[in-house]
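Read through the structure below, which is laid out as structure tokens, and then see the notes.
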Amino acid sequence: MRRFLLICVAASALARPSFAREVDIVITGGTVITMAGPAIENGAVAIEGHNIVGVGKAADIAKKFTGKTTINARGMAVVPGFVNAHTHVPMTLFRGIADDRDLMDWLNNYIFPAEAKNVTREFVKWGTRLAAAEMIRSGTTTFADMYYFESDIARETKAAGLRAVVGETLIDFPAPDNKTWDDAVAYIRKFVKEWKGDRLITPALAPHAPFTVSREHLQQVRKLATELGAPILIHVSETKDELRQVAQRSGGMTPGTYLDSLGFLGDDVVAAHGVWLTPDEIQMFAARKVGVVHCPESNMMLASGIAPIIQLQRAGVDIGLGTDGPAGSNNNLDMVEEMASAARLQKVSRMDPKALSAHEVLEFATIGGARALNLADKIGSLEVGKRADVVIVDFDQAKTEPVYSAESAIVYAASGNSVTTTICDGKILMRDRRVLTVDVPAAIEKAKEYRARVMKSLGK
Ligand SMILES: [Zn+2]
């Protein structure tokens, strides 16, 4: 009997050694795709506080750590949280307001009047809340936003537990929050001071585009960003019409060259789209370390064109992936779909199925976006010391089994709905498909209310 007891004690000590440190969360048993090396089959990730403290084989992690919360990820993939590097989150409340139209009809007859009549602090609050629910549900843990009332967007984002680079829009016409340029500049000074240094929120300046902001104002933004130590988010070279307008105001320059001639470009600039960048501009963006955000679904939906992603990649430009806004240019915030679209668009446009792989688009959606946003020291991969932004993708579904390659299953077979668990900064925001930090039914109810209000405001 005594001998039997000794064996039992020895066996339990083996299973859970006494020197294992107790940490907050251990995710164990899944395929861990770190984006910093080969995938780890039957791997584990240990999280303590806000950070990742262990990544490796499940057996090795079990020797070092036990979790107050243990998440079994058998049959699932454990990946870095997705980075949606270009969006306009409150526009969820305009989702599908005017699809299948020309850009100018869409902008002038729907988006601009709808924004002028409806966008208030309350509107962006509910729009951000709805977007947060959607992003958490589909595995996005970081997003870069360009809109109005960004301080309110930041507050909602933080309440939902998400990470974001929030860019207050500067544009040469009266905006819903700031009626004049000087008001917008004053707002930005206050906004950056309020949020700078926050764990989750990076305040940014978001001049809308080189054709909607004057030369003098672009130069002023550049100076202000340097003074405040805040990044710049901007749309660049999205459509052919933009090329025409920029050429007119710059004596024939293309948007990237024009911005460079103003001393605007630098490693703190994140350019969305870049559809019509020339070979010279691609080299210039690489040299200036400008990040580029590819938005394939928006570019397809608005028929803007096909971004030269392979050339940008070859030049060494940091490339992120973004959904763009959900009002007529996507219309969702699902980064898993966006990855599939990015890969397929390059394949068909180059008539080459090898043009862009599942691994490469997964990179864009994680570490690439983190690099473009200058956050790669904190997020984008599963490595010890980085922030615990971790997502679990369930493969045990009819649409994803069997799994020959985890990366291929995520990109080509799964969707945002395959995500079961979302962790940001060490906090569980969704567990087993239940969103914990946003009242989802309330956000959906409010979205329906706003639909009626918006339609009425447009006289429809
Ligand atoms: Zn955009």
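Numbers here simply count residues along the sequence, with the first being 1. In each ligand, atom 1 is the first atom listed, and ligand 1 is the first ligand listed.
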- Task: Applying ring-ring contact (aromatic ring centres under 6.0 Å, His included), name anything that partners Trp276, two or more places apart in sequence or on another chain.
- Result: none

- Task: Just say parallel, tilted or perpendicular for the rings of Phe123 and Tyr450, cut-offs at 30° and 60°.
- Result: perpendicular

- Message: I'd like to know if the side chain of Glu338 pairs up with that of Asn330 as donor and acceptor (distance under 3.5 Å, no hydrogens or angles considered).
- Response: yes

- the Zn ion (ligand 1) - name of the N/O/S atom of His88 that sits closest to it: NE2

- Message: If we count only N and O atoms by modelled type, under 3.5 Å, do the side chains of Thr226 and Arg222 hold a donor and an acceptor together?
- Response: yes

- Message: With rounding to 10 degrees, what does the angle His235:NE2 / the Zn ion (ligand 1) / His86:NE2 come to?
- Response: 90°

- Has Asp324 got an N/O/S atom less than 2.8 Å from the Zn ion (ligand 1)? yes

